[in-house]
Amino acid sequence: MTQRSPDFSVPSKPSLDGVEEKWAQVWEQTGVYHFDRTAQRSQVYAIDTPPPTVSGSLHIGHVFSYTHTDIVARFQRMRGKAVFYPMGWDDNGLPTERRVQNYYGVRCDPSLAYDPDFSPPEKPDPKRQVPVSRRNFIELCERLTVADEQVFEHLWRRLGLSVDWRYTYATIDDDSRTASQRAFLRNFARGEAYLAEAPTLWDVTFRTAVAQAELEDRERTGAYHRIAFQRPDGRTVEVETTRPELIPACVALVVHPDDERYRELVGQSVRSPLFGVEVPVRAHELAEPDKGTGAAMICTFGDLTDVTWWRELNLPARPVVGWDGRILAQTPEAIVRPEGRDAYAQLVGATVHTARERIVEMLRASGELVGEPQPTTRPVKFYEKGDKPLEVVTTRQWYIRNGGRDAQVRDELIARGRELNWYPDHMRTRYENWVGGLNGDWLISRQRFFGIPFPVWYPLDSSGNPDYAAPILPDESALPIDPSSDVPPGYTEEQRGAAGGFIGDPDVMDTWATSSLSPQIAGRWERDNDLFHRVFPMDLRPQGQDIIRTWLFSTVVRSHFEHGGLPWHNTAISGWILDPDRKKMSKSKGNVVTPMDMLERYSSDAIRYWAASGRLGTDTALDEGQMKVGRRLAIKLLNASKFALSVAGPHSGADPAAVTEPLDRAMLAALSTVVADATSDLASYDHTRALERTERFFWELCDDYLELVKARAYDAEANPVAAASARSALLLALSTLHRLLAPFLPFVTEEVWSWWQEGSVHGAEWPDGTDLDTAAAGAGADVLHATAEALRGIRKAKSEAKLSMRADVARVRVCGKTAEDARRASADLAAAGNVQDLFFEDSDEVELHVDVELAESATG
RNA sequence: GGGCGCAUAGCUCAGUUGGUCAGAGCAUUCGGCUUACAACCGAAAGGUCACUGGUUCGAGUCCAGUUGCGCCCACCA
């Protein structure tokens, strides 16, 4: 039953102006979105909100997908669930470091000492970044992220996200550090995390290792250089390479075992050009006869295929490229000839790019370059945030098993993906493709500064060398720790770096190693297990399709190992926002629209309406037309609500028993169907359809029903019973529609609700249709449909006669199968159409015919 | 090379197990200042449902293939 305040307080001129500020403030004060942490798990709906990267800026795509989640949150809350809807900030990692460097004009130099009085330059000069200690750098990171987070929170509140802001976390805060380190220690104890020295994809700009999931291919121009190796018999064998600078790193040539051209060569040695190094010719299936000359150099390491060959053919390593992407100073021992050592000396210290140019000149001079380099374009691996091609460098790194080297783990993780409900379902395929295609474990260590350190020290032997096989680990109760300032149990700070002492692991975890624990962090795992067990496993993981391979997958991995199950039951995958030209939005294209502009121009509800019209998993165009439509809907809701309330009068409540007129009952029956459909749509994460049905009903209510009952509802003196019926039906419909639209348009629905109801519409009960069914008393919607159709016929006749809709009509004959239905609302129809003489005829015709005879005075 | 998705009015998109499914909104045109709303209301016009076959009494709807677009993956000498 609708609750009613004693008097309605409807503004004379309703407006959207100021509703966002007004209600955002009220919601904050009254705590309508607070999570009830006494609720049992079965009564909780928990959301694993994506923590946006605060170093970036929010774009309209964020607004789009976060709105989808908010609609779910509001729906579940109104259905009586205690909604756990936290917000996280992803503020650790490389993007923040980069932003801090640019913003403050500094760069991190870990060798410097902490300066407690440091303040960043007034005018940052990007060309002359001031070197600061690691601790100073991290303090600047923290300062800037706090400021960024406030900007984000402001936007989210303006958009009307029903987040419980008491449950906010940041991926760099102490709780996240503790959770990350704890989970890591447990992974290590179970053998799921391990340290290994291995060839790794390496970004030379950031000087850090990069994981498989963060790679992207970019087309780059290059050239095939045909070069000649000397055979023992004096002849040559030619290879083509796009990376001639790696000739000194060449450890073998490889050909396909079935390649007749080279069969006799396999097992022999050849001598490399310029450097004169003897390298064997080996056979391997991966060598492709039709690429280049069919013979290829194996270098340390040109690409991941080189790594495979190196490993499978048991070849030596001959590194020439350092962590900084420059040619190493140390001449490889294999280069023994003086002219070879000379040649190498000319490359030392050069970048890969420069070394390539020099070596081409040298090859040209020595006559070992065959023909001219042939330009080509080919895909080159890049770190997705980097500007230079990745190198392959051998380093010691931490890994977490993810099935990349273990078929059983892989199968288990694919099985987890099948347990998860995906919206839309086909997104599961992306997960399976990714997991099935992994070719290595998950590399989680990064050689960076602003991140969560590994909680690990290594003992130093008597000569000061670390023993990586026997790491020293802290007790979980000591977390979080920083091994660069904390001292391991049983040691003193004086022993740091000293022989027989210890050193801390210098690396930090990749940001995904932390965000993969977002359900545990938000749910306060092991810090507040009472809370954790009420929210975990969570109900929903909303996220973008681009990070299925990273965030979604890694979260499943962590939960699978730690909890033996999925971290959530459902995942909702959003599509992209495309600009009106169907291009993906990106900063570089300059087509990014700032969300706040949009919110101010069209109102938050209007933007939400546009977002809600985009389906999950479907790319959606940025469409200002839809925003205008949303704004119109919000304004219409103001006006229609005002009208309905003014017609109903200040003291009449909605009494289902008072609904006696067939038309009123039919309208409520139709609405009951809408309630049932919208409810099941939202329950299955189809917000678009729910909105569409609700909206359609609302406009039809305004266009037809309101027009039909206007006169009757006003005229209580002539027929009090019929008027009361209309008034009660109006209020029942209004109450239902306000609630149905609340998840989509939270501001305007709260505004209109406040005119006549106690409390927040967002704390109101989701309509279940019971009172509507009671009022409809078994009636169907036929009377409404037939009457509305007849009314349209009358309007059409007036429109064709170019008359005002108020024009009088002399006679109207309605005939057809449904004429009888329309007849049951004949008085309303006559009033709405200004018809003097209205009559009905039954016939078998399915279509309703409306013959209109205009009043003589009105024609012409 | 493999995988996923998409293709319906000028535009943005609905069309859930094949049978009123050829629709909505925007834009356009025409007509209305109707006392809730001109940030409004009413009406009209608009499409061989990408193409080719097939299954069926019947196909936007199912199957096969083709073309185009988008995205993901792949060992890229």
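So you know, we letter chains A, B, ... as the sequences are listed, proteins then strands, and number each from 1.
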If you look only at pairs with a residue in residues 297-306 of chain A, which of them pass as a salt bridge (Lys or Arg N to Asp or Glu O under 4.0 Å), with sequence neighbours excluded? none

Ion pair check, [X] and [Y], cut-off under 4.0 Å:
| X | Y | value |
| --- | --- | --- |
| E707(A) | K710(A) | yes |
| R795(A) | D704(A) | yes |
| E240(A) | K291(A) | no |
| E391(A) | R243(A) | yes |

Could you tell me whether the phosphate oxygens of [N], OP1 or OP2, come under 4.0 Å of any side-chain nitrogen or oxygen in [X]?
| X | N | value |
| --- | --- | --- |
| R693(A) | A14(B) | no |
| R615(A) | G15(B) | yes |
| K642(A) | C37(B) | no |
| K291(A) | A77(B) | yes |

What dot-bracket string describes RNA chain B from 5' to 3', counting Watson-Crick and G-U wobble pairs whose defining distances are under 3.5 Å, with [ ] for crossing pairs and | for pairs to another strand? (((((((..((((.....[...)))).(((((.......))))).....(((((..]....))))))))))))....

Just to be sure I understand the rule, does [X] reach a base, reach only the sugar-phosphate, or reach nothing, if contact means heavy atoms closer than 4.0 Å?
| X | answer |
| --- | --- |
| E707(A) | base |
| E288(A) | base |
| R689(A) | base |

With syn defined as a glycosidic angle within 90° of 0 and anti as the rest, where does G23(B) land? anti

Report all interatomic pairs (protein N or O, nucleotide N or O of nucleotides 29-35 of chain B) with separations under 3.5 Å.
residue, atom, partner, partner atom, Å
C30(B), O2', K802(A), NZ, 2.8
U35(B), O4, R806(A), NH2, 2.6

With a 3.5 Å cut-off and heavy atoms only, can you find an N or O donor on one side and an acceptor on the other between the side chain of R631(A) and the base of A39(B)? yes

By side chain to side chain contact (heavy atoms under 4.5 Å, CB included), E717(A) pairs with (sequence neighbours left out) D715(A)

Listed by chain and number, what are the side chain to side chain contact (heavy atoms under 4.5 Å, CB included) partners of N639(A), not counting sequence neighbours? P14(A), I635(A)

Please enumerate all protein N or O atoms sitting under 3.5 Å from an N or O of nucleotides 62-65 of chain B, with distances to 0.1 Å.
none

